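Notes to accompany the following structure.
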Amino acid sequence: MNTENTKTAESGGVDFIRAIINEDNKTGKYDNRVNTRFPPEPNGYLHIGHAKSICLNFGIARDYNGICNLRFDDTNPSKEEQEFVESIQADVKWLGFDWEDRMYFASDYFDQLYEYAEQLITSGKAFVCDLTQEQIREYRGTLTTPGKESPYRNRPIEENLDLFRRMRGGEFEDGAKVLRAKIDMNSPNIHMRDPVIYRIMRTHHHRTGDKWCIYPMYDFTHCISDSIEKITHSICTLEFEIHRPLYDWCLDELGIYHPQQIEFARLNLTYMVMSKRMLLELVKEKYVNGWDDPRMPTLAGMRRRGYPAAAIRAFCATIGVTKVNSLTDIALLEYCIREELNKTAPRFMAVQRPLKVVIENYPEGQTEQLEAVNNPEDPGAGTRLVPFTREIYIEQDDFMEDPPRKFFRLAPGREVRLRYAYFITCKEAIKDDAGNVVELRCTYDPATKGGDAPDGRKVKGTLHWVSAEHGIKSEVRLYDRLFTAENPADAPEGKTYKDNLNPDSLEILDNCYLEPALGGLESSCTCQFERLGYYCLDPDSTPEKPVFNRTITLRDTWAKLRKKGKA
RNA sequence: UACCCCGUGGUGUAAUGGUAGCACAAGUGGUUUUGGUCCACUUAGUCGAGGUUCGAAUCCUCGCGGGGUAGCCA
């Protein structure tokens, strides 16, 4: 077993949590055991922020030859659904992690949790309180003023036990009574002011059905669940820092095995929101087309968008783990995606906005099969044949009638290379009545077959193309950032994050042409459309009409030049 | 204004009392049958003031700034 972690391929190095574990292993605190857990509540889909936690927890287990459990924190049935339980499992697996036979549910512990609650009552550390919700709030005090004790605080133990059993038995209305830990109403930490640990709630639970009408609260459940599972390091996000004294209190009062809670800063990404409430709203109010909309920061959305799991893992390793509240530039994620895809994605040619080109001196009816490289980064990927004909499509952006200085593509009288094919020269641009260029008449040089001129002459531009006769018609969906503000959740007075929605986050192109090899593509594979970007097949595809999602564009220095007005 | 946490280039991080480094972003050149990739280079940082020390991003004090916490949510 590794007791000291140094560096592994997928972890960024020794973060502060691994440093704590190294120290614990030095002192033998947990007998050099490492057991983490990923504990989502099944009330929504997992997002990239969860990926950070998953990579951390499963990554630590991997690095120390320990184990990581998947545990559903399902103690509030009013928000939880089986659909989410399933999507969470699918997403963790897709990300590349395996909990093996260790999938647990907090609801599996309801019986034990109940016993521990009785134990707390018996030791005089918990009481049944009849105060209303509003009264409890008043008695709690505020951030700057102490609370005051509930009049029910000193009920005899036997009475508390009896009342709690009758709560479980369904004798009282929802909300009529709660079980509270008896700690300290003067604590500067509000979470220690006799926190509620059980409430009456007649809600059907997605796993335990109607067996229970009382449900334990997070603070009581989580520490005990960790204890039951013999977790060593219970890693959670910063907002639970203030809950740690309660976590420790419960386990100490119960006198049971005591894991160590460690908090880290959650992920924030520019131009994205990560709150479950907001994501749920985007879905319910149809600002996006479901949880797996490719614009969503959900893992399901990113998967559909074509982001490789390896890229997300690399991203999580790159951002590191600290306690600093931060806002990570989405460009870093995009870099990781491009880096992964550049290595792995097979290349193809596709035209998004077609402009017909007729090669006047190319024989009518002739088809040549030209050899194209599948991936210049991977010689083992081999080659394929692409059909070339007299009429082809090129990209509208690749022609300008009156080009600026630094435009290297096609223009009247100019010669360019068609990738893997021939040099062509533009002879004439044909326009419609409105003056739009609708067709180009060109000639080709037969001696340049394959793309090289025997006389050594050079061209500045190389264009992608698709045979008009052989091209597969397709729909392509172009995605842009969902929000226009760097930090959409941080909206000005009177506005909400929804006012920061980008109205142009989705553009649908329905007249695109694909080279024939794209017809037999596997749906799970993200490929490159040369010179355009990375794309993947969407589940909306039909045999008649494939639909592609643009995962991300290639880096485009030409677009950057134009944007800055330098060209 | 109570308690807790956190402040290193534009962004994310490393340096655990001993040369402030890496990545992204930005920019400049080179290579190139993808204006991709790749390569080289440039810009730019320890929140502030004291203190301890031969030596401080690191330890101490006081400020300043940011975040969290008042669910019968997690």
Side-chain angles (χ1 to χ4, degrees), chain A residues 12-16 19 39-41 43 73-76 78-80 129 131-133 136-137 140-147 174-180 187-191 193 195-201 214-215 217-219 221-222 236-245 263 265 270 276-277 315 318-336 338-339 342-343 347 349 372-373 376-377 406-409 417-421 423 448 450-452 458-464 528-533 553-561 567:
Chain A
V14 183
D15 51 68
F16 83 100
E41 182 187 16
N43 67 346
D73 222 334
D74 56 348
T75 57
N76 183 2
S78 68
K79 290 184 174 179
E80 297 153 7
C129 184
L131 254 28
T132 64
Q133 196 163 170
I136 287 181
R137 193 184 315 127
R140 185 157 37 223
T142 71
L143 293 176
T144 50
T145 59
D174 284 15
K177 287 178 170 36
V178 292
L179 183 69
R180 291 227 250 168
S187 172
N189 181 347
I190 285 190
H191 295 273
R193 318 237 264 230
V196 172
I197 57 178
Y198 262 92
R199 76 282 216 186
I200 304 172
M201 180 163 61
I214 58 171
Y215 291 97
M217 300 286 290
Y218 164 85
D219 285 303
T221 307
H222 205 90
C236 60
T237 46
L238 246 29
E239 66 270 26
F240 292 103
E241 208 156 26
I242 200 156
H243 294 244
R244 182 161 20 104
E263 310 85 12
T270 55
K276 269 194 188 170
R277 188 205 102 222
F315 170 72
T318 304
I319 57 174
V321 182
T322 66
K323 300 187 75 158
V324 186
N325 287 298
S326 60
L327 181 60
T328 299
D329 193 335
I330 191 84
L332 190 53
L333 208 213
E334 293 173 344
Y335 165 80
C336 292
R338 290 193 180 103
E339 187 184 49
N342 178 53
K343 287 185 296 191
R347 318 281 133 125
M349 291 198 287
V373 172
E377 303 296 315
K406 289 183 177 165
F407 187 80
F408 301 150
R409 284 110 96 144
R417 171 169 40 235
L418 294 177
R419 185 128 159 107
Y420 301 125
F423 284 12
T448 59
D452 275 314
K458 302 287 182 198
V459 287
K460 295 203 90 171
T462 300
L463 311 187
H464 61 278
Q528 184 187 111
F529 290 179
E530 292 216 37
R531 300 212 303 133
L532 295 175
T553 61
L554 255 26
R555 275 186 59 207
D556 189 347
T557 50
W558 167 242
K560 207 185 277 179
L561 273 178

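Letters A, B, ... are given to chains in the order of the sequence lines, protein chains preceding strands, and every chain is numbered from 1. On a predicted model such as this, the values are computed, not experimentally measured, just so you know.
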note = Testing B:C72, B:C73, B:U37 for proximity to the side chain of A:Asn342, the answer is B:U37
inquiry  = As a test of reading the structure: which of B:G36, B:C72, B:A74 is closest to the side chain of A:Phe240, going by heavy atoms?
reply    = B:A74
message = Please classify the nucleic acid contact of A:Leu131 as base, sugar-phosphate, or nothing, using heavy-atom distances under 4.0 Å.
response = base
task = Go ahead and name the base partner of B:U69; Watson-Crick or wobble counts if both distances stay under 3.5 Å, otherwise write none.
result = B:A2
key: Closest contact, heavy atoms only, A:Leu463 versus A:Arg409   = CD2-CG, 3.6 Å
Result of checking A:Arg347, A:Arg419, A:His464 against A:Glu530 for side chain to side chain donor-acceptor pair (under 3.5 Å) = A:Arg419
remark   = Closest to the side chain of A:Thr557, out of B:G35, B:U34, B:A2, is B:G35
query = Within this structure, what is the CZ-to-P distance between A:Arg417 and B:G36, rounded to whole angstrom?
reply = 15 Å
note = For A:Phe423 and A:Gly451 the tightest heavy-atom approach is CE1-O, 3.3 Å
Where do N or O atoms of nucleotides 9-16 of chain B meet protein N or O atoms at under 3.5 Å, pair by pair?
unit_1: B:U11; atom_1: O3'; unit_2: A:Leu327; atom_2: O; d: 3.1
unit_1: B:U11; atom_1: O2'; unit_2: A:Leu327; atom_2: O; d: 3.4
unit_1: B:U11; atom_1: O2'; unit_2: A:Asp329; atom_2: N; d: 3.3
unit_1: B:G12; atom_1: OP1; unit_2: A:Leu327; atom_2: N; d: 3.0
unit_1: B:G12; atom_1: O2'; unit_2: A:Ile319; atom_2: O; d: 2.9
unit_1: B:U13; atom_1: OP1; unit_2: A:Thr322; atom_2: OG1; d: 3.1
unit_1: B:U13; atom_1: O5'; unit_2: A:Ile319; atom_2: O; d: 3.2

ask   = Below 3.5 Å, does any donor atom in the side chain of A:Gln528 face an acceptor in the base of B:U34, or the other way round?
value = yes
message = Which is it for B:G50, anti or syn, if anything within 90° of zero counts as syn?
response = anti
remark   = To the nearest angstrom, the NZ-P distance between A:Lys276 and B:C73 comes to 16 Å
query = Can you tell me if the side-chain N/O atoms of A:Arg531 get under 4.0 Å from OP1 or OP2 in B:G35?
reply = yes
message = The side chain of A:Met217 is closest to which nucleotide in this list: B:C73, B:G35, B:G36?
response = B:C73
task = Taking all non-hydrogen atoms of both residues into account, name the closest pair between A:Arg338 and A:Thr553 and its distance.
result = NE-O, 2.8 Å
task = Ignoring backbone atoms, test whether A:Arg555 places a side-chain nitrogen or oxygen under 4.0 Å from the OP1 or OP2 oxygen of B:G35.
result = no
ask   = If we require ring centres under 5.5 Å and near-parallel planes under 30°, does A:Tyr335 stack on B:A23?
value = no
query = Picking from B:A70, B:G36, B:C24, which would you name as closest to the side chain of A:Leu554?
reply = B:G36
ask   = Just how far, in rounded Å, is P of B:C4 from CZ of A:Arg193?
value = 14 Å
query = Would you say A:Arg347 reaches B:G36's phosphate, i.e. side-chain N/O to OP1/OP2 under 4.0 Å?
reply = no
request  = Kindly compute the distance separating CD (A:Glu263) from CZ (A:Arg244), expressed to the nearest 0.5 Å.
outcome  = 4.0 Å
Same-atom distance (C1') from B:G45 to B:G50, integer angstrom = 22 Å
task = Could you check which of B:A74, B:U37, B:G35 has an atom nearest any side-chain atom of A:Trp558?
result = B:G35
inquiry  = I want to check one thing: is the phosphate of B:G71, taken as OP1 and OP2, less than 4.0 Å away from some side-chain N or O of A:Arg140?
reply    = yes
ask   = Will you find, in the side chains of A:Arg417 and A:Thr462, an N or O donor that is under 3.5 Å from an N or O acceptor?
value = yes
request  = Please state whether the rings of A:His243 and A:Tyr218 are parallel, tilted or perpendicular, taking 30° and 60° as the class boundaries.
outcome  = perpendicular
message = Within the 4.0 Å heavy-atom criterion, would you say A:Thr75 contacts the bases, only the backbone, or no part of the nucleic acid?
response = sugar-phosphate
Distance, C1' atom - from B:G65 to B:G51, rounded to whole angstrom = 22 Å
For residues 319-333 of chain A, tabulate all N or O donor-acceptor pairs below 3.5 Å that involve a side-chain atom, not counting sequence neighbours.
unit_1: A:Thr322; atom_1: OG1; unit_2: A:Val324; atom_2: N; d: 3.2
unit_1: A:Lys323; atom_1: NZ; unit_2: A:Glu241; atom_2: OE2; d: 2.8
unit_1: A:Asp329; atom_1: OD1; unit_2: A:Ala331; atom_2: N; d: 2.9

query = Which heavy atom in A:Tyr198 sits nearest to a heavy atom in A:Met217, and how many Å separate them?
reply = N-CG, 4.1 Å
request  = Check whether any side-chain N or O of A:Thr145 sits under 4.0 Å from OP1 or OP2 of B:A2, and answer yes or no.
outcome  = no
task = Using the P atoms only, state how far B:A70 lies from B:U58, rounded to an integer number of Å.
result = 34 Å
query = What interatomic distance, in whole Å, is found between P of B:U61 and the corresponding atom of B:A44?
reply = 35 Å
ask   = Is there a side-chain polar atom (N or O) of A:Lys560 under 4.0 Å from OP1 or OP2 of B:G27?
value = yes
Distance in angstrom units between A:Glu339 CD and B:G36 P, rounded = 16 Å
note = Re B:C24: Watson-Crick or G-U wobble partner, both distances kept under 3.5 Å, found to be B:G10
ask   = With rounding to whole Å, what would you report as the distance between B:U69 and B:U13 at their C1' atoms?
value = 28 Å
